[in-house]
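Below is one structure, written out as structure tokens; the observations come after it.
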Protein chains: 2
Amino acid sequence: MVAVPPRMIDVAKRADVALSTVSYALNGTRPVSASTRRRILRAMEELGYRPNALAQGLAGKRTHIIALLFPTPERGLGVTEMEFATGAADAAREHGYHLILSPSELRSVHELEQLTGQGLIDGALVMEVHIDDERVNLLRQAGIPFSMIGRTSDPGAISYADIDFEQTTRDAIEHLVGLGHRSVGFLNHSPSAYSVGYGPTVRAAEGFRRAASAAGLAHLERLCGDSVAAGEAAFHELRATSPDMTALVVMNDRAVVGVMDALDEIGWRVPDHFSIVSIASSTQVTEMMRPKLTTLEPPSTELGRLGVRMLLDQLDTKDGEPLSPTQVLLPCRLVVGGSSGPAPASR
Amino acid sequence: MVAVPPRMIDVAKRADVALSTVSYALNGTRPVSASTRRRILRAMEELGYRPNALAQGLAGKRTHIIALLFPTPERGLGVTEMEFATGAADAAREHGYHLILSPSELRSVHELEQLTGQGLIDGALVMEVHIDDERVNLLRQAGIPFSMIGRTSDPGAISYADIDFEQTTRDAIEHLVGLGHRSVGFLNHSPSAYSVGYGPTVRAAEGFRRAASAAGLAHLERLCGDSVAAGEAAFHELRATSPDMTALVVMNDRAVVGVMDALDEIGWRVPDHFSIVSIASSTQVTEMMRPKLTTLEPPSTELGRLGVRMLLDQLDTKDGEPLSPTQVLLPCRLVVGGSSGPAPASR
DNA sequence: TTGTAGGCGTTATCAC
DNA sequence: GTGATAACGCCTACAA
């Protein structure tokens, strides 16, 4: 019924050479005369031969499969996370690797052990990294090669690609300062994200604090639930605390909507009365809002690609010394929309 | 350095049984006495044994890996697609399968052959299905088990889970008719999506046409590029053609923003002067707009899960007769937002 | 109920 | 340069 796929031995017979010669011809592990190689290639062609990945992996100690570890956060993944994944998948494919999408919950470290113990993957790319991440510890001691999108507090010799939150927050503030704002608030992710040490949340908070101080700015920061209502409430509270605030930096796509609602309620228009700069929001999201949000757009796809490339670099030099890790911080790109404008003269 | 993982033979020795007994105990292919089984389990536990997936696959003819085939459309994937993927990955994990994320471009059928020929996957789940889809043909004749999220014009005996566009468009129209609208337009995806036979585009067009006729409605439909500008232009044209139009059904997250801009320009307010119902848009998107869009939210995660389940059903009964396919159409859920209201009395 | 042996399709280590 | 032939780790008739 279903044709049985040709094996290497079939190719060998047809080309009238030994099985091993075919293998060597295939992955150039040893010199093969041009004519022999030609015959082999022709035989493969005619038979429609495809090497069996499983057998290769079993015998060769390399599966060409890597895993993308992404814990599903409370309320689903966003556009940015999707772009990590597609970037990673793309890069993997380009290098002849397969990418397994592994929804590894933080809680069940067990599942991670399962995955790594199966001998199925050559390495892993860890997403949604926390300041102190169990998965990272596990991979480390399991001796599984891996790299990260994001980073722990002490990345050591692990390769990673992360957003440069220090610079990103600084850019956001400089943009606003350039527009004359002197009192700027910051709306971050949820308290729970902060307390579990979610990297972006923690680093953006630090970055903002530092950048605001450096700019000699009056500022106020606040964690905020990932919902419209929370954003609305947070704005009102911030305003109560700091009535002279004229702009807000927001890293929370849900909450920012609530902020705009709140502004509407009190009759303030954006950007005439108040400015908003979104951080690490995809333009795919900010372009849906009115006014279109000014954002510092993260290089998501690139981060995904980079993460994979770093991992593969490591794998390719697995034999020999452990290759110095690549650690990269990428800046976000300022995309000026209609939500940021000159500070109002007075209030 | 790195501890060598225990093999089945190690477990056998430690439990003082034959290698095969361990194997049978593991996958219950044959009865094993309780005491023996206990000893074996204890030995596995103590050794931290994990069966090698590659070896299992090679010998057993089942890899427990499936592939998710998703061509990356022109301008990236949206939230809905991400939910397909996470739903699928979740379901796969629950059933002990791994999910390979395979960005198979439509153009390079070659890559698909590569993937299937490697003997790596047990089956595939096809996303972004077109009315006439090369990948489907290929999988069919390659004898690879697969199911679809979406469907071709002639699914035959292939299992699929798809959105019920017929019902969805009808629901959209009924919602508007219930509000008194008598002239309703439809803004679809891009012309190119239609011309290549992208399922949702084609089926929603048909569905809308039929539902509008059935409702005795004046209506007008139009394809529209996936951009704000295109949406804006399209609205103006529709209005020129059909000045009495009081509502629009839109299946195009980018364009809908343009429509709202256009309404703003001419001073029409939503929903007082004009109503909008979005189709197959995630609430994650519609909730960012002001007013919040009324939408028919697709059961994306569920579709992903269903697709995987169907595929696995098929795999489990691969031996024996070919199990009748499961073919399911799921409705979207009407989520009323602030973009749809009573038809204006006059204009 | 338990044990034995022959694959599964490659890679890699030997000789020649 | 090229050929045999062990592994790789597990599954599964087949025999006991």
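Because the structure is a prediction, the values reported are computed rather than measured. Below, all heavy atoms of this structure are taken into account, side chains as well, without hydrogens, waters or symmetry copies.
- For the helix from C:dT1-D:dA16 to C:dC16-D:dG1, the rotation axes defined at the first and last 5 base pairs enclose an angle of 40°, given to the nearest 10°.
- At whole-Å resolution of the value, CG in A:Leu120 and P in D:dC10 are 13 Å apart.
- In this structure, B:Arg309 pairs ionically with B:Glu302, as a charged nitrogen and a carboxylate oxygen lie closer than 4.0 Å.
- For the pair A:Ser33 and D:dT2, the criterion of a side-chain N or O lying under 4.0 Å from OP1 or OP2 is met.
- Atom CZ of B:Arg140 sits in a crowded spot, with more than 12 heavy atoms from other residues, nucleotides or ligands closer than 6.0 Å.
- A pairwise comparison of heavy atoms in B:Glu128 and B:Arg135 identifies O-NH2, 3.1 Å as the closest pair.
- Between A:Glu111 atom CD and A:Gln114 atom CD the span is 8.0 Å, to the nearest 0.5 Å.
- Under the 3.5 Å distance criterion, with hydrogens and angles disregarded, a donor-acceptor pair is assigned to the side chains of A:Gln118 and B:His98.
- Distance, B:Lys13 NZ to C:dG3 P: 14 Å, rounded to whole Å.
- Just one of A:Leu311, A:Ile100, A:Leu120 meets the side-chain contact (heavy atoms from CB on, under 4.5 Å) condition when paired with A:Ile66; it is A:Leu311.
- Comment: B:Lys13 does not engage B:Asp10 in a salt bridge, judged by the lack of any side-chain N to carboxylate O separation of less than 4.0 angstrom.
- No donor-acceptor pair closer than 3.5 Å links the side chain of B:Ser20 to the backbone N or O of B:Ala18.
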B/S/- along nucleotides 9-16 of chain C (protein heavy atoms under 4.0 Å) is BBBBBB--
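- Residue A:Asp16 contributes atom CG, which lies 8 Å from atom P of D:dG3 at whole-angstrom precision.
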